[in-house]
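Okay, structure first, notes after.
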Amino acid sequence: MTEPAFLDAIRKSYDTVAEAYVELVVPPAGMDPLSRAMLAAFAELVRTADLGPVADLGCGPGRITAHLTALGLSAFGIDLSPRMIELAQQAHPDLRFTVGSTTALDLSDGELGGILAWYSTHHTPPEHLPTVFAEFHRTLAPGGHLLLGSHIGNYEIRRPTEGYGGHPVSFESHLLPADRIAELLSAAGFHVTARLVQEDEDRPGREGIAVVARKPRD
């Protein structure tokens, strides 16, 4: 099967900016209090349900995967970028990291107790999000929890030519309204339980959303 072109653009772009990403993006300890609180609440939900490990999808260099582990979860990371996975393995050799795509996860049905997709789905064209969210639903155990973070907007498409550190990139960012993201999750079979919309302090006029959703028990 031919791989969608957008996946190759994401992979190559994040391979290119990986080192600069580590230098420029704040670790979990430097996140704003609301983002840290959402991660902590997600961790408590998953611990309480006790249904299996957590997959950090789009884990990058693995810092949030390690943060989830420190919060008491059994967590591992998956990322499309081989270079990001190399950096994650170097920084956190005690954790598991693998290369993979959210469009076709190499995981069993119902294997996971939780999924974190923290600002890793906005590069996916909207027409492919149902496939991604269906994979989230398939791999979560009934009663499992999802925390999704994403940039949002009014159906905007951003096509930057430079990424972290000024390195060239070719990915796109698709900024959907918060309600549309919730609708797509609901259509995939999730029950959306909480939404937090907040302004990006570093980029006025830009907003992000954190969505908590649960796969219902049959």
(request) Could you walk me through whether R83 and Y21 pass side chain to side chain contact (heavy atoms under 4.5 Å, CB included), step by step? (result) CA-CA 11 Å; R83 183 56 184 152; Y21 182 101; over 6 Å; no
(message) Run the side chain to side chain contact (heavy atoms under 4.5 Å, CB included) test on L105 and L57 for me, step by step, so that the C-alpha distance in whole Å, both residues' side-chain angles and the decisive distance to 0.1 Å come before the verdict.
(response) CA-CA 10 Å; L105 293 167; L57 302 179; 4.0 Å; yes
(request) Start with the C-alpha gap between T65 and W118, add the side-chain angles, then the distance that decides, and say whether side chain to side chain contact (heavy atoms under 4.5 Å, CB included) holds. (result) CA-CA 10 Å; T65 318; W118 194 248; over 6 Å; no
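Cluster membership for V25 and L34, using ILVMFWY side-chain heavy atoms within less than 4.5 angstrom, is not shared. A continuous path of hydrophobic side-chain contacts links L184 to L140 [ILVMFWY only; heavy atoms under 4.5 Å]. I181 and V192 fall within the same hydrophobic cluster, defined by Ile, Leu, Val, Met, Phe, Trp and Tyr side-chain heavy atoms under 4.5 Å apart, directly or through other members. Linking Ile, Leu, Val, Met, Phe, Trp and Tyr whenever their side-chain heavy atoms come within less than 4.5 Å puts F133 and L146 in one cluster. Hydrophobic clustering of Ile, Leu, Val, Met, Phe, Trp and Tyr side chains at less than 4.5 Å, counting indirect connections, unites V169 with I10.
In this structure, R180 contributes its side chain and Y155 its backbone to no donor-acceptor pair below 3.5 Å. Within the 3.5 Å criterion, the main-chain N or O of L129 finds no donor-acceptor partner in the side chain of T124. The main-chain N or O of L175 is never found under 3.5 Å from a side-chain atom of E156 such that the two would form a donor-acceptor pair. Although no hydrogens or angles enter the test, the distance criterion places no donor-acceptor pair under 3.5 Å between the side chain of H174 and the main chain of I157. Counting only distance, with no hydrogens or angles, the side chain of R36 and the backbone of M31 share a donor-acceptor pair below 3.5 Å. Put simply, the side chain of E207 never gets that close to the backbone of V197: no donor and acceptor are under 3.5 Å apart.
Using a cut-off of 4.0 Å between Lys/Arg side-chain N and Asp/Glu carboxylate O, R63 and D56 are scored as not salt-bridged. A salt bridge links R11 to D8: one of the charged nitrogens lies within less than 4.0 Å of a carboxylate oxygen.
Contact annotation: the side chain of V22 approaches that of L87 to within less than 4.5 Å [non-hydrogen atoms, C-beta and beyond]. Proximity of I85 to C59: side-chain heavy atoms (C-beta onward) are separated by under 4.5 Å at one or more points. Contact annotation: the side chain of D15 never approaches that of H167 to less than 4.5 Å [non-hydrogen atoms, C-beta and beyond]. Side-chain contact between S101 and E135 is absent, with no heavy-atom pair separated by less than 4.5 Å. Between D32 and Q198, the closest side-chain pair of non-hydrogen atoms falls below 4.5 Å. Looking at V212 and M38, their side chains come closer than 4.5 Å, going by heavy atoms from C-beta outward. Using a 4.5 Å heavy-atom cutoff, the side chains of H123 and S173 are in contact.
For the pair P216 and G189, the tightest heavy-atom approach, listed with the atom from each and the gap, is CD-O, 3.1 Å. Between P126 and L176, the closest heavy-atom pair is CG-CD2, 3.8 Å. Closest approach of G58 to S120, counting heavy atoms only: CA-CB, 3.8 Å. When all heavy atoms of S13 and S170 are compared, the closest pair comes out as OG-N, 2.8 Å. Heavy atoms only, all atoms of each residue included: I115 and F42 are closest at O-CZ, 3.5 Å. Between D109 and R138 the shortest heavy-atom distance is OD1-NH1, 2.7 Å.
Taken from CG in L147 to OG1 in T193, the straight-line distance is 9.5 Å, to the nearest 0.5 Å. Atom CD1 of residue I78 and atom OG1 of residue T139 lie 8.0 Å apart, to the nearest 0.5 angstrom. Interatomic distance, E44 CD to L73 CG, rounded to the nearest 0.5 Å: 10.5 Å. Between the CD atom of E111 and the CG atom of L51 there is a distance of 13.0 Å, given to the nearest 0.5 Å. In this structure, L39 CG and L116 CG are separated by 6.0 Å, a value rounded to the nearest 0.5 Å. How far NZ of K215 is from NE2 of H137: 5.0 Å, rounded to the nearest 0.5 Å.
Taking the six-membered ring where tryptophan is involved, the planes of H128 and F6 are tilted, since the angle between them lies from 30° to 60°. Below 30°, between 30° and 60°, or above 60°: for Y119 and H122 the angle between ring planes is above 60°, a perpendicular geometry.
Few gaps surround CG on D94; more than 12 heavy atoms of other groups in view lie less than 6.0 Å from it.
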